[in-house]
There are 2 protein chains.
Amino acid sequence: MAQLAEFDLIHHYFSRPTANVTLGVGDDAALLSPSPGTTLAATNDTLVAGVHFFPATEPFALGWKTLAVNLSDLAAMGAMPRWTLLSLTLPEIDEAWLAAFAAGFYACAEKFSVSLVGGDTTRGPLAFSVTALGEIPAGYGLCRHTAKTGDDVWVSGYPGFAALALQEIEGKITLPDSLRALCQKRLHMPEPRVDLGLALIHLAHAAIDISDGLLNDLAHIARRSALEVKVFRHCLPRLPDGVAREMALTALLAGGDDYELLFTAPPEHRTELAKLAAKLDLPLRRIGEMALPEPDRKPAVRLVDADGKEITWVQGGYEHFIS
Amino acid sequence: MAQLAEFDLIHHYFSRPTANVTLGVGDDAALLSPSPGTTLAATNDTLVAGVHFFPATEPFALGWKTLAVNLSDLAAMGAMPRWTLLSLTLPEIDEAWLAAFAAGFYACAEKFSVSLVGGDTTRGPLAFSVTALGEIPAGYGLCRHTAKTGDDVWVSGYPGFAALALQEIEGKITLPDSLRALCQKRLHMPEPRVDLGLALIHLAHAAIDISDGLLNDLAHIARRSALEVKVFRHCLPRLPDGVAREMALTALLAGGDDYELLFTAPPEHRTELAKLAAKLDLPLRRIGEMALPEPDRKPAVRLVDADGKEITWVQGGYEHFIS
C-alpha cells in the first residue's frame, strides 16, 4: 500500500468535521482543549481478528463495537466521552468494507458526541486499536479500589446475553426466536452505558464494566478495594427461558463481552438508583454487597444462597472465586 | 492466554510508578490532570512486525522506538510529552523478550519524562500501538498548514542515515565502519527531537517530522500551506563518504524512518536558530524556502540547483514531486 494511498484513505473515510477540537485528523498530532476544571480519562483497547471478533463479522457492527468497547471503559469511570484516535491495521484495502466500517464507527461516535481526531492506517493482520479520551469533573471518577463495606453491588442491563449469542454462532445452542435479536445486538453492537456512568459519579463508590465476565470483573473490585463481594444467587437476573439453566447461568456469571456496568453504592441511594433506572429505561439490579473479608480469607467474590450459605460454582475447570 | 495472566503481565512489566497522574495503569481508564492553560496534543502510531520492523529486532530497541516515533509526532507539534498508553499484541508470552521490550520502552519514557498510564495486552500477530499525549501552551502548536511565503525551510540532524542502515540490513550496500554505528542508532533507536520542538514553538511557523522521507513530508507542508517548497540541492547536507552518491541522495531525500524535524521559520530567526543548534548540539540546516506557487502550478516540492533551475529527480519509478 503506497503511503499516499493510505493518506487518501484516512482522509476519505475518516475526516468528518469535528466539534470541540482545535486541530483534528491530518497533522502530526491532534490539538484538543480540555474543559477547565476537569480530569482527563484515557483508555485504549485493541481488537484483533480471530481473537476478539470473527474476521467475517459485518463491518458496520465491527466499526460500532471497536469504539463502543472503549466508550464502555470511559463510562465505567463516569467520564463524558470527548475524543478518539483510531489505528486501523488492514491486510488489504476493500473500499466497501472500509466505508461500512467507518459508517459504524461514526454511528457510535455521533450517538455519544465523540470526535475522531487522529489515527493511522497500516497494512498488516486485521486489527483495530482505539484510544478514547473523556472528561470528569475534577475530584470525581469511579475507580475500582474505592468500594466501601456495606455498599450494595449493582449490575446494569443484560449480562450474559452477548455470551449466549456467541454460543449460538459457535453452534453450541439454539436460542429461542424471542431472545435471538436481543442477544445478537448485545454481542455485535453493545451499548456503552455512558449516561449511567455520568449519573453514577454522584451515587456510586466504585465501578467497572463487564468485559471478562461478571464474576471476574467483580473480583477486580474485590481485590483492589481489599473487600469481599457477596453475590446473592436469588438476586441475580432471572435466567432467560428456552436456554439450558447451566448454560444460561454460565453466560450470566462468566460470559464476557457484556459492556454492562458493575458498581457499588451505599444503601441510602437505592431509591435514587431505582429512579435512575426508570429515567434511563435500563434495568439496574442489586445483586450483592461489599463486606470485610473474614480474617482467614483473601478478598474474593463469593456466591451465596438466600441463607447466606456459600455456593461453590466451578465452570470449565476454572475456579472463578479466586481473589 | 488466560485473562489473569494478561493482567499479571501488565502489572509485572508495565506498572512503574508514574508522575503527574491521578490514576495510572489498572483501572478502566487512567485519570490525568492537564495543566491549566495548555492545549492537549494527541497522536497514535502502530508498528506491525514485518511492515515497520523485522520480527527479530532486538526487543530493547523495539521498545524504545515504539515510543520514540510517537514522541517524534509530539515534537513536531512543539508539545511537551506527558503521558502514553501502550497496546501490545503478542503471539506468545516470552518473558525475557517482554522484560527487554519494557526496559527499552521505559528508557525512552524516562528520558523524556513520559508516564505510561494505560494499555492492554492481547494475543495476536506481533504489533504495538501507542498513543502519546503532550501539552502545548494554549494558542501555540506547530501545524503543517501554517508555513508562510518567504519562510526558510530547515531540517534537523541526520536525514537519510536510518535508510542507509536499512539498505545494509537488506544486503544492498556495505557501510563504511565510520558510519555504521551512527546509521544503526538512527534506525533502531531514533532520538525524538523533543527539545527542538519545544524551542521551535517560539521560532517556527510550521513543522513535520520525517517518517515517510524528506520530500514526501515536505509535500505535506506544501499542500496544506498551499505553497511551493523550493529545496536547494547545494544546501542539502553533505552526502556521506563511502556510499554510492545516488544511493546516498535517495536515502537523504526519500528514506523514511528519520524522525528528524522539518520546519519553516521566517529569515529573521536565522541567528536564533544557529544559537539553538549550538545549544542542543544538533545540526540545523537551512535547505530551502517557501514560495507562492506559479499560477499554473499546484503547491509542490521542487528541487532546484544554485541557479534556481529545477532538477528532475525520479527515484524507483516514483515521482516524488507531486503535490
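Chain letters run A, B, ... following the sequence lines, proteins first and then strands; every chain starts at 1.
With respect to chain A, the highest number of heavy-atom pairs below 4.5 Å among Asn44(B), Thr43(B), Val48(B) belongs to Asn44(B). Across Pro36(B), Gly134(B), Ala42(B), the residue that shares the most heavy-atom pairs under 4.5 angstrom with chain A is Ala42(B). Contacts with chain A were tallied for Leu142(B), Leu86(B), Asp73(B), Asp209(B); Asp73(B) has the most, counting heavy-atom pairs under 4.5 Å.
Only the side chain of Ile136(B) comes within contact range of chain A, judged by heavy atoms closer than 4.5 Å. For Thr89(B), the part lying near chain A is the side chain, with the backbone staying farther off; criterion is any non-hydrogen pair under 4.5 Å. Of the atoms belonging to Phe128(A), not a single heavy atom falls under 4.5 Å from chain B. Proximity to chain A is absent for every atom of Leu88(B), based on heavy atoms less than 4.5 angstrom apart. For Ser72(B), no part lies under 4.5 angstrom from a heavy atom of chain A. For Pro34(A), the part lying under 4.5 angstrom from a heavy atom of chain B is the side chain only. At a 4.5 Å heavy-atom cutoff, Ala75(B) makes no contact with chain A through either its backbone or its side chain.
The closest donor-acceptor contact from the side chain of Ser156(A) to the backbone of Leu261(A) lies under 3.5 Å. At distances below 3.5 Å, not a single donor-acceptor pair connects side-chain atoms of Thr38(B) with backbone N or O atoms of Pro137(B). A donor-acceptor pair is defined here as one N or O able to donate and one able to accept, closer than 3.5 Å; no such pair exists between the side chain of Ser115(B) and the backbone of Trp83(B). Looking at Thr46(A), its side chain never comes within 3.5 Å of a backbone N or O of Thr121(B) through a donor-acceptor pair. Side-chain atoms of Asp27(B) come within 3.5 Å of backbone N or O of Arg144(A) as a donor-acceptor pair. The backbone N or O of Asp120(A) lies less than 3.5 Å from no partner atom in the side chain of Asp45(B), so there is not a single donor-acceptor pair.
Considering all non-hydrogen atoms of both residues, Gly141(B) and Ile201(B) come closest at N-CG2, 4.4 Å.
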